[in-house]
Amino acid sequence: MKPVKSIPPHPVPTSARILLEAEALSKTYRLAETGIPILEDLSLTVRAGEMVAIVGASGAGKSTLLHLLGGLDRPTAGSVRIDGFDITKSTELDLCSFRNRQIGFVFQFHHLLPEFTALENVMMPLLIGGVGRGDARLRAEALIARVGLASRADHRPGALSGGEQQRVALARALVASPCLLLADEPTGNLDQRTGADILQLLLELRREERLTAILVTHNEVLAAACDRVLLLRDRRLVVPSSN
């Protein structure tokens, strides 16, 4: 991977407000009559402006955890509060509204809508949230330019490279100015150069916009650039011995 430009340390003061708090979080899937525990009595606190990496072996439950933290799945037990809002006790309607406004997602496989252009994909969360088309377009154009794709805004996902699609996904995740970004392997399917570009962009956003993010990753360079690294092992989060 190409070197990442030097960016000053980003210490998050202990006085910063708690943005996300997960308590006693558990998730068990059922297969026939058998319960398969994925997460058990897991707790996590993230302060505003913090960037946290979650690492662990494949199959450890990292993606499941991210889905629970973002309200894409419900836990078997425990609670998740984001900026004071308990997403585990909310109605589905309230959760969808909160998620669209306050949580940005970047998935490993992009999940862009193939029939829409890059610009239209980025506009979509704003349009769903009731923002007028003109204002949504202006905000989306600014984000598309920010991720270096102004000249590709009118292309559909099928005409974009993997790295370009990931940049569109990142712009879409940030277009509504969410309080929290959740990213599942944001560099996982990219070549080293493109992965380094995405990492650089995330670091710049962290500095410029006080981005709060939780990143699931196998990328050691990306993990090392975060404020904290947590290891998901034996269904709980622990601090790696080398961290």
Spacing of [atom1] belonging to [X] relative to [atom2] belonging to [Y], to within rounding of 0.5 Å:
| X | Y | atom1 | atom2 | answer |
| --- | --- | --- | --- | --- |
| Glu50 | Arg228 | CD | CZ | 4.0 Å |
| Met123 | Leu138 | CE | CG | 9.0 Å |
| Leu170 | Leu202 | CG | CG | 5.5 Å |
| Ser79 | Asp86 | OG | CG | 5.5 Å |
| Leu69 | Leu25 | CG | CG | 6.5 Å |
| Arg47 | Thr212 | CZ | OG1 | 12.0 Å |

Worksheet entry | Electrostatic pair Arg156-Glu120, nearest N-O below 4.0 angstrom |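 No, Arg156 and Glu120 are not salt-bridged.
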| message | Strictly below 4.0 Å, N to O, side chains only: are Asp83 and Arg17 in salt-bridge contact? | response |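 Yes.
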Is it true that atom CZ of Arg74 has more than 12 heavy atoms of other residues, nucleotides or ligands lying nearer than 6.0 Å?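 Check passes, neighbour count above 12.
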Please say yes or no: joined through hydrophobic side-chain contacts below 4.5 Å, possibly via intermediate residues, are Ile103 and Leu93 part of one cluster?
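In one cluster with Ile103: Leu93, no.
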Does any non-hydrogen side-chain atom of [Y] lie less than 4.5 Å from one of [X]?
| X | Y | answer |
| --- | --- | --- |
| Val52 | Cys226 | no |
| Ser63 | Glu185 | no |
| Val80 | Pro75 | no |
| Leu20 | Leu180 | yes |
| Leu72 | Leu182 | no |

If you look at every heavy atom in [X] and [Y], which pair is closest and at what distance?
| X | Y | result |
| --- | --- | --- |
| Leu181 | Ala173 | CD1-CB, 3.7 Å |
| Thr217 | Ala53 | CG2-CB, 4.3 Å |
| Leu237 | Ile54 | CD2-CG2, 4.0 Å |
| Thr88 | Gly78 | OG1-O, 4.0 Å |
| Leu201 | Arg146 | CD1-NH1, 3.5 Å |
| Pro240 | Val229 | CD-O, 3.1 Å |

Does any N or O in the side chain of [X] come within less than 3.5 Å of the main-chain N or O of [Y], such that one atom is a donor and the other an acceptor?
| X | Y | result |
| --- | --- | --- |
| Glu141 | Leu119 | no |
| Ser26 | Asp41 | yes |
| Ser97 | Asp94 | no |

Verdict with reasoning, Arg167 to Leu160, per side-chain contact (heavy atoms from CB on, under 4.5 Å):
CA-CA 10 Å; Arg167 286 173 177 268; Leu160 302 175; over 6 Å; no
Please identify each residue that fulfils side-chain contact (heavy atoms from CB on, under 4.5 Å) with Arg139, with sequence neighbours left out.
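Here the qualifying residues are Leu126, Leu143, Val175, Ser177.
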Quick one: which of Val238, Leu42, Val55, Thr64 gives a side chain to side chain contact (heavy atoms under 4.5 Å, CB included) with Leu232?
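Per the side chain to side chain contact (heavy atoms under 4.5 Å, CB included) rule, the option paired with Leu232 is Leu42, out of Val238, Leu42, Val55, Thr64.
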* Partner of Arg172 under side chain to side chain contact (heavy atoms under 4.5 Å, CB included), chosen from Asn121, Ile144, Val147 ->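 Of the listed residues Asn121, Ile144, Val147, the side chain to side chain contact (heavy atoms under 4.5 Å, CB included) partner of Arg172 is Asn121.
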From CA spacing to verdict: side-chain contact (heavy atoms from CB on, under 4.5 Å), Arg81, Glu23: CA-CA 9 Å; Arg81 289 185 295 276; Glu23 293 184 342; 3.3 Å; yes
Candidate pair Val168 and Val122, rule side-chain contact (heavy atoms from CB on, under 4.5 Å), full reasoning:
CA-CA 7 Å; Val168 173; Val122 176; 3.9 Å; yes
>> Parallel, tilted or perpendicular, judged at 30° and 60°: which one describes the rings of His111 and Phe107?
In response: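 Because their plane-to-plane angle is over 60°, the rings of His111 and Phe107 count as perpendicular.
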Worksheet item: Under the side-chain contact (heavy atoms from CB on, under 4.5 Å) criterion, do Arg99 and Phe105 qualify, and how do the steps go?
Response: CA-CA 9 Å; Arg99 194 168 52 213; Phe105 291 94; 3.6 Å; yes
